[in-house]
Amino acid sequence: MPKLNENYLNLKESYLFSEIAHRVNDYTAAHPDQKVIRLGIGDVTLPIGSEIIAQLHEGVDALSKAETFKGYGPEQGYDFLCEAIVDYYARNGVTIAANEVFVSDGAKSDTGNITDLFDRDNVILIPDPVYPVYVDTNIMNGRNIVYIDANAENGFLPMPDANVHADIIYICSPNNPTGAAYNREQLTEWVNYALANDAIILFDAAYECFVTDETLPRSIFAIENAKKCAIEFCSLSKTAGFTGTRCGYTIVPKDLKFTASTGTEMSLNAMWNRRQTTKFNGVSYIVQKGAAAAFSVSGMAQCKENLKYYQENAKIIAEGLARKGIRYFGGINSPYIWFECPNHMDSWDFFDYLLANAQVVGTPGAGFGKNGQNFFRLTSFGSRENTLEAMERINKLL
Ligand SMILES: Cc1ncc(COP(=O)(O)O)c(C=O)c1O
């Protein structure tokens, strides 16, 4: 009999979105005439920009001719895409090298797969509430997690505690689910803490494209010395509407090196390269053609048009909550609005209340960790019409 990875027994049932679907289905079955508005989704709704679409078509056409046909590509991504990403970072004032970029099918895979590089015996620091992938992938490997509280008191931006040692630190900024984004000073503190602890920061920048405040860093590598202690994950899912198309990338600096127990120096860049070339065969040429277009100046300008639409929705939601005196986080520099459930309601009770009385669906904060127990997430990815109508209904109800 095979010995199974019994760490899987320690995973909590991932029931958040299935439970939401279940409750919404029950409601709509009982009230077929009611229009339910879904602002719980973390998926984009606008179509991909025409420049990217044109390049996706070009990619397809290339495969139709022997002279331009492409089979297996480089596991790390085609040079043209790695260079386009380097150029995008340079335009945002951050210098990285093409051989530090690893193209993938998305940030979910990479934030999960990165755990391959680390021994089981590490102290993992994870904020609560959090994007559940960080927690579950470490539990699958039997690692010990130390949670750090993100709450209203610290603006959902927990800071390092010099008395707590960590080896691996997860930071997501702008954050899912809370919408909170670290400023330069705060990220500098985290980098200094990582350097002092000989730790690594795993920085998830999946929502960097929503940052409108130019003083906020959009990459951990905007912080001095971060290349000695951080890996960055990013995604085209929200930036370019690639949630279904699938493309992301991970930046592993060449400077990121640690000494093994044998005394040998180990490079994280070389290890990730080895991991990817062993277990991953690259992203399709077609998708990479489209992705490169997204990083071009004009392609990104088109992406920004879509982002503006979502940002306006976020503003509508945030202003609606502010009018009711409801404390909220995010909404600026983020597609997520995270607010306190009225009257300290439990987030699942509030979910039911909002569905029954306003026919609006959001995401209960409890699904992201204990500190989300009395919070609720709305997203800006719905249509303008639905966002306006949802806020009108919420305005009447609360
Ligand atoms: C914080 C965070 N990281 C990563 C991802 C996954 O991104 P991708 O679609 O590139 O796998 C998501 C998607 O919801 C996310 O919220």
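Predicted model only: the values in this text are computed from it and were never measured. Atoms within a ligand are numbered from 1 in the order they appear, just like the ligands themselves. As a basis for the values below, the full set of heavy atoms in this structure was taken, side chains included, without hydrogen atoms, waters or symmetry mates.
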>> With a 4.5 Å cut-off on side-chain heavy-atom distances among I, L, V, M, F, W and Y, is there a chain of contacts connecting Tyr193 to Ile126?
In response: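 Different clusters: Tyr193 never reaches Ile126 through Ile, Leu, Val, Met, Phe, Trp or Tyr contacts under 4.5 Å.
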> Shared ILVMFWY cluster between Ile220 and Val101, side chains joined below 4.5 angstrom?
Replying inline: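 Hydrophobic grouping puts Ile220 with Val101.
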> Honestly, is Arg327 close enough over Phe339, meaning NZ or CZ under 6.0 Å from the six-membered ring centre and within 45° of the axis?
Replying inline: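 No.
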> Salt-bridged, Asp116 to Arg275, with N to O below 4.0 Å?
Replying inline: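 Salt bridge: yes.
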>> I'd like to know if Lys370 pairs up with Asp149 as an ion pair, taking the criterion as any Lys NZ or Arg NE/NH1/NH2 lying under 4.0 Å from an Asp or Glu carboxylate oxygen.
In response: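 Salt bridge present between Lys370 and Asp149.
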>> Can you classify the ring geometry of Tyr207 versus Phe210 as parallel (below 30°), tilted (30 to 60°) or perpendicular (above 60°)?
In response: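 Tilted, since the angle between the ring planes falls between 30° and 60°.
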> Under 4.0 Å from ligand 1, counting heavy atoms only, is it the side chain of Ala107, its backbone, both or neither?
Replying inline: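 Within the 4.0 Å criterion, Ala107 contacts ligand 1 through backbone and side-chain atoms alike.
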> Which bit of Phe233 is near ligand 1, meaning a heavy atom under 4.0 Å away: side chain, backbone, both or neither?
Replying inline: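 Neither part.
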>> Heavy-atom contact check, 4.0 Å cutoff: does Asp204 meet ligand 1?
In response: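 Checking ligand 1 against Asp204, which is what was asked, there is a heavy-atom contact under 4.0 Å.
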> Non-hydrogen atoms of Cys172 versus ligand 1: any pair closer than 4.0 Å?
Replying inline: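 Per 4.0 Å heavy-atom rule, Cys172 contacts ligand 1.
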Atoms of ligand 1 close to [X] [distance to a heavy atom under 4.0 angstrom, numbered from 1]:
X      : value
Ser237 : 8 (P), 9 (O), 10 (O)
Gly106 : 10 (O), 11 (O)
Lys238 : 13 (C), 14 (O)
Arg246 : 8 (P), 9 (O), 10 (O), 11 (O)

>> Exactly one of Tyr336, Tyr353, Phe350, Trp348 should register a ring-ring contact (aromatic ring centres under 6.0 Å, His included) with Phe376. Which one does?
In response: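 Passing option: Phe350.
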>> Could you check, using the six-membered ring where one of them is a Trp, whether Trp338 and Phe329 have ring centers closer than 6.0 angstrom?
In response: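 No: the rings miss the under 6.0 Å criterion.
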> If you measure every N/O of Ser235 against every N/O of ligand 1, is any gap under 3.5 Å?
Replying inline: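 Yes: some nitrogen or oxygen of Ser235 is under 3.5 Å from one in ligand 1.
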> Can you tell me which residue and heavy atom of the protein come closest to atom 6 (C) of ligand 1, and the distance to 0.1 Å?
Replying inline: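 Protein heavy atom at minimum distance: Tyr131 OH, 3.3 Å.
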> If hydrogens are left out, which of Tyr207, Phe242, Tyr170 has an atom nearest to atom 16 (O) of ligand 1, that is, the closest non-hydrogen atom?
Replying inline: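 It is Tyr207 whose heavy atom sits nearest to atom 16 (O) of ligand 1.
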